[in-house]
Amino acid sequence: MPDTESVNNINFDVAIIGTGVVGCAMARHFTLQGAEVLVLEKAADILDGASKGNSAILHTGFDAPPGSLEQSCIQSGYEEYLQIKDKLNLPVLETGALVVAWNSAEVEKLDGIVDRAKANGVWDTQILTTRQLMAKQPGLSRRAVAAVEVPGEFVIDPWTTPYTYLIQAIENGAVVLRNAEVLAGTFDQHRWTIESTQGKFTSKTIINCAGLYGDMLDDIFLGRSGFQIHPRKGQFLVFDKSAARLIDSIILPVPDEITKGVVVCRTIFGNLLVGPTAEDQHSRDEAAVDSETLRSLYNRALEIVPELAGHGVTATYAGIRPASEFKDYCVQAHNDKNYISVGGIRSTGLSAALGIASYVYGLYEEFGDQHNPRESIVYPDVLPLAECQLRDWSKPGNGGIVCHCELVTRREIEQALEGPLAVNSLSGLKRRTRATMGRCQGFYCSAELGELCASRLQLSISEAIE
Ligand SMILES: Cc1cc2nc3c(=O)[nH]c(=O)nc-3n(C[C@H](O)[C@H](O)[C@H](O)COP(=O)(O)OP(=O)(O)OC[C@H]3O[C@@H](n4cnc5c(N)ncnc54)[C@H](O)[C@@H]3O)c2cc1C
């Protein structure tokens, strides 16, 4: 990766702002299409916004509004993910989903859910009777009445996935700068000059993928935004790995107008997840959990899967959706300014990111910009973290296990501290390796981790333990 000074002198084709899952997928797509790509991220590490905390479901789009941009991006993103996953060593937990009706009013909505799925090209859904549902998912409460089965809904890795997209972009030529907050920009009718906390850069086109700050970025560059972000928090409970065997499918509620509702599903790391809530708030970055909400999530979880009462909660977290006043994504191309705004990617961005990137590239081509797709594409070798993959702890020469709950090896920690996207924050290290994210929440490994990271992350051991 070139140093910041030499990057200042490159005339980039495209500057992508933000390294949430959307920015990472965008960087990958534009780079593979042959564009010279600069990526600017204000945080110390990638995935520091909305993409930090989600449910990690790879949606089919069965319930998206038919004909919406969201629906078509989910569908194309889903297909591309399944096409590229093996080459990129990305995992999939093929759980399928059940949209469960808990009363007669909800049962009446099931036909509509199947009809919408068909309208969205998802043909393999079917309604299950109580008996069929119980046979399929005996861990569910006996209060469940019926369900729509959606076989194609899967669980993926929320962090390694976008990380791999971005690493592939870098290994094929993209330049990524972190701690580079974009502050201002001027357009001279041909090129943009972007001012950031890491200096000035020039690029022909800007793609705003700033997630929770997308409208503010539009204000900076265009003087106005076509949408406003309305942050919507979602809190989660993570049950211990012992709970994962209670449920095979993703358990979805019959959705309402605002939210997909509280989901119970396995995680790719072997836990059981319950959440998210949907709480509108003003803050774009305050992602605290509160005990009252967690208590009601816990009670709801036990209503859905009664046996969860015998299992512990390992962790809690919250994520913030970049919702806007619109139901659909807000993707707007400003041809006169070489500027594309990719905003309001609220609840489905992990699934749709590859589809969004491909759609945006089409808009970009309408600016008259054409590149030659890279002929020999580099595929990165990223360490897998999913329970269903061959993990490093089972391979020789790994230096021993540091985090015993999540089986994270010394070699995995050391690799995360190296390379073009070396972690530079403790939260980044957690997302990159899962160290401290297990049952003891770092009680046993924080001291060793602190020692390993102290010089690289400029952390004291006590900070590492925090
Ligand atoms: C509770 C919850 C559950 C969800 N569940 C799912 C799910 O199961 N499946 C699914 O597909 N999707 C899910 N999602 C949705 C998905 O997580 C989001 O759609 C996605 O993360 C949005 O990504 P983004 O890249 O648009 O934004 P972000 O992740 O917010 O990324 C924007 C980036 O831009 C950076 N940035 C901002 N301003 C600047 C600046 N001035 N200069 C430089 N950088 C800047 C930020 O630091 C950030 O890193 C869920 C979301 C939440 C919150």
Side-chain angles (χ1 to χ4, degrees), residues 21-22 25 29 50 54-83 94-101 105-128 146-156 214 226-227 230 232 234 249-263 265 276 278 321-333 340-363 366:
V21 65
V22 175
H29 192 90
N54 57 45
S55 322
I57 297 173
L58 183 67
H59 295 295
T60 53
F62 76 96
D63 56 349
S68 62
L69 178 60
E70 180 181 28
Q71 190 275 325
S72 76
C73 289
I74 294 175
Q75 203 153 30
S76 54
Y78 177 94
E79 281 163 16
E80 190 175 345
Y81 183 88
L82 294 184
Q83 273 162 25
E94 295 193 3
T95 52
L98 296 166
V99 185
V100 178
E106 288 183 352
V107 171
E108 278 177 23
K109 292 183 177 173
L110 297 186
D111 280 332
I113 292 173
V114 171
D115 289 346
R116 177 173 280 205
K118 284 184 185 150
N120 285 337
V122 181
W123 297 100
D124 56 354
T125 63
Q126 59 166 334
I127 293 182
L128 302 184
V148 174
E149 183 180 27
V150 192
E153 297 272 301
F154 300 145
V155 171
I156 61 174
F227 65 95
H230 298 292
R232 186 171 295 151
S249 301
I250 301 164
I251 308 299
L252 301 167
V254 173
D256 63 26
E257 281 300 295
I258 306 282
T259 166
K260 288 180 181 299
V262 172
V263 177
C265 66
R321 305 168 185 87
S324 76
E325 70 271 46
F326 302 107
K327 269 200 104 145
D328 207 351
Y329 296 164
C330 306
V331 178
Q332 286 160 348
I340 304 175
S341 177
V342 186
I345 315 295
R346 48 186 188 135
S347 300
T348 48
L350 180 66
S351 313
L354 295 167
I356 296 170
S358 168
Y359 173 75
V360 169
Y361 191 77
L363 296 177
E366 286 173 18

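Here, residue 1 is the first one in the sequence, and each next residue gets the next number.
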Go through the steps for Glu80 and Ser358 under the test side chain to side chain donor-acceptor pair (under 3.5 Å), then give the verdict. CA-CA 10 Å; Glu80 190 175 345; Ser358 168; 5.1 Å; no
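Here Gln126 pairs with Glu149 under the side-chain hydrogen bond (donor to acceptor under 3.5 Å, both in side chains) rule; sequence neighbours left out. Residues satisfying the side-chain hydrogen bond (donor to acceptor under 3.5 Å, both in side chains) criterion with Glu153, sequence neighbours excluded, are His59, Thr60. Take Glu106 and apply the salt bridge (Lys or Arg N to Asp or Glu O under 4.0 Å) test, not counting sequence neighbours, and it matches no residue. Remark: Ser249 engages no residue in a side-chain hydrogen bond (donor to acceptor under 3.5 Å, both in side chains) (not counting sequence neighbours). Not a single side-chain hydrogen bond (donor to acceptor under 3.5 Å, both in side chains) links Gln332 to another residue, sequence neighbours left out. Every ring pair (Phe, Tyr, Trp, His ring centres under 6.0 Å) that Tyr361 has, sequence neighbours left out, goes to His29, Phe30, Tyr364.
Within the 3.5 Å criterion, the main-chain N or O of Asp63 finds a donor-acceptor partner in the side chain of Arg116. Formation of a donor-acceptor pair under 3.5 Å by the Asn120 side chain with backbone atoms of Gln71 is not found in this model. Checking side-chain atoms of Asp328 against main-chain N and O of Leu69 turns up a donor-acceptor pair under 3.5 Å.
The two residues Gly344 and Phe227 come nearest to each other via the heavy atoms N-CE1, 4.1 Å. Closest approach of Val254 and Ala101 over heavy atoms only: CG2-CA, 4.1 Å. Between Ala357 and Ala25 the shortest heavy-atom distance is CB-O, 3.6 Å.
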